[in-house]
Number of protein chains: 2
Amino acid sequence: MAYPSPSRSGGPGTDGSRTVSSRLLALLDVFTAAQPQLTLSEISRLAGVPLSTAHRLLGELSAWGALERGADGRYRIGLKLWELGSLAPRGLPLREVALPLMEDLYEATHENVQLSVREGAAVVFVERICGRGAVPTLTRVGGRFAIHATGGGLVLLAHAPPEIQEQVLSETLQKFTRYTIDSPSKLRRVLAEVRLRGYALSDRQVTEDAFTVAAPIYGLSDEVVAALSLVVNHQGAEPAYLVPLVLSTARSISRLLGAPGSQHSEDARYLRN
Amino acid sequence: MAYPSPSRSGGPGTDGSRTVSSRLLALLDVFTAAQPQLTLSEISRLAGVPLSTAHRLLGELSAWGALERGADGRYRIGLKLWELGSLAPRGLPLREVALPLMEDLYEATHENVQLSVREGAAVVFVERICGRGAVPTLTRVGGRFAIHATGGGLVLLAHAPPEIQEQVLSETLQKFTRYTIDSPSKLRRVLAEVRLRGYALSDRQVTEDAFTVAAPIYGLSDEVVAALSLVVNHQGAEPAYLVPLVLSTARSISRLLGAPGSQHSEDARYLRN
DNA sequence: CGGGACGCTTCCACCAACCAGAAGGGCGGC
DNA sequence: GCCGCCCTTCTGGTTGGTGGAAGCGTCCCG
């Protein structure tokens with residue numbers, strides 16, 4: 001059990017972008033939400049792959065369906081890749097389980113409800129229900145954000161492996177507002193508090209008008225697999241009223257996922273291990 | 001303009017699974033909704049790639065984040081791939097535009113509302129709102145289905161390129177119920193009718209109790225990019241009442257996408273070309 | 001308690017698949 | 001009409017890829 005992660009011992013790929021696979025993946029890596037459609041030359045330049053090599057590899061990716069080409073010749077992410085991505089246990093399947101309960105929480109509050117997971121040292125938003133009249137948020141489904149600022153991020157970081165925490169604490173903490181935590185010692189205190197209380201509060205740390213309550217969601221192995229957060233306007237925010245709501249919904253989702261801390265762990269096939 | 005598709009001329013990859021890229025993609029291809037988590041040996045066998053080669057390539061994919069490993073060593077689709085897939089213009093971005101209008105349609109009917117696109121000769125479901133009391137459907141977001149049976153499939157096939165239509169007509173048409181179209185000539189007539197009327201009806205062709213109304217959604221270049229469908233119980237289904245509803249919603253979505261047939265094509269950045 | 005089967009990981013020498021420079025052609029902009 | 005940008009194709013040298021085999025650890029079953 002606990003197979004050591006393969007090719008840590010300086011195999012090919014460690015020394016830069018030398019292997020075919022790394023080039024292939026580098027080509028895919030240049031697509032972003034801001035630039036979802038790119039020409040061959042752009043991809044070649046951005047990925048640092050010679051033009052003719054990029055041309056050949058992109059041709060193979062397109063033939064398979066990972067990429068598509070528009071009538072103008074530009075490449076974009078193909079539907080096949082979307083289908084494949086929809087199989088990621090921490091993506092769509094997690095969303096499917098959590099969404100009904102998130103909707104209940106939305107009906108009770110009519111505020112923004114967000115579901116996020118941790119990927120390395122970043123937060124990734126898996127689902128989002130944004131109320132029409134609710135405070136606007138900067139997040140996007142499938143998008144990333146700095147982990148030290150958002151409410152969900154604080155929850156996920158507080159329960160992340162030590163090496164991830166040390167990594168975040170050792171890097172510069174980007175400031176979004178004057179309330180954003182930017183000192184490692186402060187962050188360390190906040191994380192301890194999050195672990196102690198079982199939820200996180202983020203008061204105007206991302207935008208000047210948002211107040212977030214976030215709670216951890218547990219999986220089969222009793223580890224934190226996701227975070228549920230509720231984003232309201234910081235004026236008139238009532239933590240005493242919001243915290244139990246978020247905690248309760250997060251617990252319900254954990255139970256559906258089969259978390260050991262909850263009884264009746266029926267039919268939990270998601271996020272095994 | 002209209003760059004010819006690359007490497008049609010018998011480049012590497014035509015002769016089988018010989019290139020590194022094709023092997024890499026073959027490894028990804030073995031993941032399905034039914035088998036979202038696989039061991040190294042399983043992947044190696046299913047993909048037809050030697051064990052040690054698979055091991056090395058899977059290691060690279062995991063290092064990049066395309067795959068993840070559970071504590072038991074099994075591989076699964078990673079969040080990075082989900083993030084990348086969420087950039088597919090025909091996936092999440094299309095969903096984002098269509099969802100509000102789909103919800104309006106759901107509120108008006110409380111029936112199943114589905115959004116699908118064509119990938120080759122198959123239908124892929126991009127979004128789905130299933131009413132609690134509505135008739136159950138076999139579809140899954142991110143899942144495929146036979147194009148000749150579903151309502152959305154008939155719409156998409158009716159407006160597909162001739163070679164796709166011929167391909168479907170020449171293959172065996174799988175039967176799901178006794179009402180499923182299984183004769184090429186019948187299908188040909190139905191497709192002509194769908195083009196003429198501008199919508200498709202599917203009466204118990206997938207399940208014994210479902211009746212579907214589907215309408216095309218047009219994109220920037222005035223081609224059909226998706227299909228909107230409403231699935232109701234076949235008993236008491238009122239096409240005269242349902243068809244205008246679906247057509248109207250589909251037209252609204254087309255307008256948001258910037259279809260030329262509709263005025264006020266404001267801010268249409270999706271599905272360009 | 002011991003044997004065997006299975007699965008993961010690592011190693012290495014051969015070799016062919018890949019790389020990248022250069023040339024060719026089409027389109028649009030100045 | 002000229003120039004520049006971008007895409008596409010071709011080719012020989014060489015570097016990264018291949019996969020058989022061996023080494024282990026684990027689990028199952030006798």
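Heavy-atom basis, side chains included; hydrogens, waters and symmetry copies ignored. Chain naming here is simple, since letters A, B, ... match the order of the sequence lines and numbering starts at 1 in each.
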inquiry  = Tell me if the side-chain of Ser52(A) makes a donor-acceptor pair with the base of dA20(C), cut-off 3.5 Å, by modelled atom types.
reply    = yes
ask   = Hey, is the side chain of Arg69(B) poking within less than 4.0 Å of OP1 or OP2 on dT9(C), counting only N and O atoms?
value = yes
query = Is a side-chain donor or acceptor of Glu163(B) paired with a backbone partner of Pro161(B) at a separation under 3.5 angstrom?
reply = no
query = Among dC8(C), dC7(D), dG19(D), which nucleotide sits nearest the side chain of Ser41(B)?
reply = dC8(C)
Nearest-Å distance for atom pair CZ/C1', residues Arg23(B) and dC18(C) = 13 Å
Proximal nucleotide (of dT18(D), dT8(D), dG17(D)) relative to the Val20(A) side chain = dG17(D)
inquiry  = Between Arg95(B) and Glu127(A), does any side-chain N to carboxylate O distance fall below 4.0 Å?
reply    = yes
message = Taking the basic N atoms (NZ, or NE/NH1/NH2) and the acidic carboxylate oxygens, is any pair closer than 4.0 Å for Lys80(B) and Glu119(A)?
response = no
inquiry  = Taking the minimum atom-to-atom distance to the side chain of Tyr75(B), which one of dG19(D), dT9(C), dA20(C) wins?
reply    = dT9(C)
key: Closest-nucleotide ordering on DNA chain D, the 5'-leading residue of Ser21(A) and Thr39(A)   = Thr39(A)
Euclidean distance, Ile43(B) CD1 relative to Leu57(B) CG, rounded to 0.5 Å = 11.0 Å
ask   = Phosphate oxygens OP1/OP2 of dT9(C): is one of them under 4.0 Å from a side-chain N or O of His55(B)?
value = yes
query = Separation of Leu40(A) atom CG from dG26(C) atom P, in whole Å?
reply = 18 Å
inquiry  = Tell me the interatomic distance from Leu24(B), atom CG, to dT18(D), atom C1', rounded to whole angstroms.
reply    = 15 Å
